[in-house]
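Heads up: the structure comes next, in structure tokens.
Reckoned from all heavy atoms, side chains included, excluding hydrogens, waters and symmetry mates.
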Amino acid sequence: MSDEFRRTMEELAEEYNRQAEQLRETYGRLNELNVTARSDDGMVSVTVGPRGQVRDLTLDPRVYRKLSPSELARAIMEQIGAATGEVADQTKELMAPFLPEGLPYEEVFGEGASFESFLPQPVALPPMEPEGRG
């Protein structure tokens with residue numbers, strides 16, 4: 001393997017590893033996403049995690065006097081929807097730099113897709129053997 005070819009391969013490996021590290025950092029940020037949505041009157045507050053799971057639900061004690069059970073259920077569902085939508089928007093924004101131009105996020109990470117399966121592994125080149133041996 002010529003020195004020039006070796007340098008080119010090392011540069012490519014460095015670039016690949018740099019981009020892989022950026023992707024890992026982004027994945028870490030994705031796992032930390034939490035969005036809280038509050039109703040306009042402040043009676044209902046819902047926090048949703050990175051995969052849309054409800055992490056917290058806070059109800060002002062006055063909500064039981066102000067809303068009927070069906071209105072309360074609707075208010076809770078509205079805030080879950082708002083928080084989940086914001087998590088989805090933030091996820092798309094974080095992932096946009098890693099997607100080919102023109103390829104919609106939903107086509108790559110649609111329902112049931114696992115982000116972990118897309119994480120690249122680092123590249124390590126084998127040690128260079130001295131010329132004339134091998």
Side-chain angles (χ1 to χ4, degrees):
M1 182 177 342
S2 76
D3 286 343
E4 184 178 338
F5 178 74
R6 176 73 182 186
R7 279 191 300 276
T8 300
M9 292 303 295
E10 287 172 350
E11 288 171 6
L12 288 172
E14 285 176 22
E15 176 62 18
Y16 175 86
N17 289 334
R18 185 187 63 74
Q19 288 183 7
E21 181 58 29
Q22 284 180 322
L23 190 57
R24 286 186 200 325
E25 288 172 11
T26 298
Y27 181 64
R29 290 172 58 198
L30 286 170
N31 279 328
E32 295 171 2
L33 279 179
N34 280 300
V35 173
T36 300
R38 288 179 183 76
S39 60
D40 291 339
D41 61 8
M43 295 286 189
V44 177
S45 174
V46 176
T47 300
V48 172
R51 291 171 191 83
Q53 69 276 34
V54 175
R55 295 221 164 148
D56 188 45
L57 171 63
T58 304
L59 303 174
D60 184 299
R62 297 173 292 156
V63 76
Y64 301 109
R65 292 188 301 266
K66 185 176 179 187
L67 300 177
S68 71
S70 62
E71 290 171 327
L72 177 57
R74 187 171 34 259
I76 292 169
M77 294 305 293
E78 285 175 5
Q79 297 319 306
I80 291 172
T84 302
E86 181 60 28
V87 165
D89 290 346
Q90 289 183 25
T91 299
K92 287 178 189 179
E93 185 177 317
L94 285 168
M95 292 306 301
F98 300 102
L99 295 176
E101 193 172 322
L103 181 63
Y105 174 88
E106 291 79 10
E107 286 187 26
V108 177
F109 299 105
E111 190 174 326
S114 168
F115 181 75
E116 291 87 349
S117 64
F118 290 96
L119 287 176
Q121 299 302 309
V123 171
L125 296 177
M128 191 168 154
E129 293 190 25
E131 291 289 322
R133 297 180 71 166

Using the test side-chain hydrogen bond (donor to acceptor under 3.5 Å, both in side chains), find all partners of [X] that sit at least two apart in sequence or belong to another chain.
X	answer
D41	S39, K66
E10	R6
E78	none
R29	none

Pick out which of T58, T84, V54 makes a side chain to side chain contact (heavy atoms under 4.5 Å, CB included) with V46. V54

Partners of [X] by side-chain contact (heavy atoms from CB on, under 4.5 Å), sequence neighbours excluded?
X	result
E93	none
R18	E15, Q22
L59	V44, L57, V63, Y64, L72, I76
S68	S70, E71

Has R55 got more than 12 heavy atoms of other residues, nucleotides or ligands less than 6.0 Å from its CZ? yes

For the backbone of S2 and the side chain of E4, can you confirm whether one donor and one acceptor N or O come within less than 3.5 Å of each other? no

With [X], which residues qualify under salt bridge (Lys or Arg N to Asp or Glu O under 4.0 Å), at least two apart?
X	value
R38	none
E14	none
R7	none
D89	none

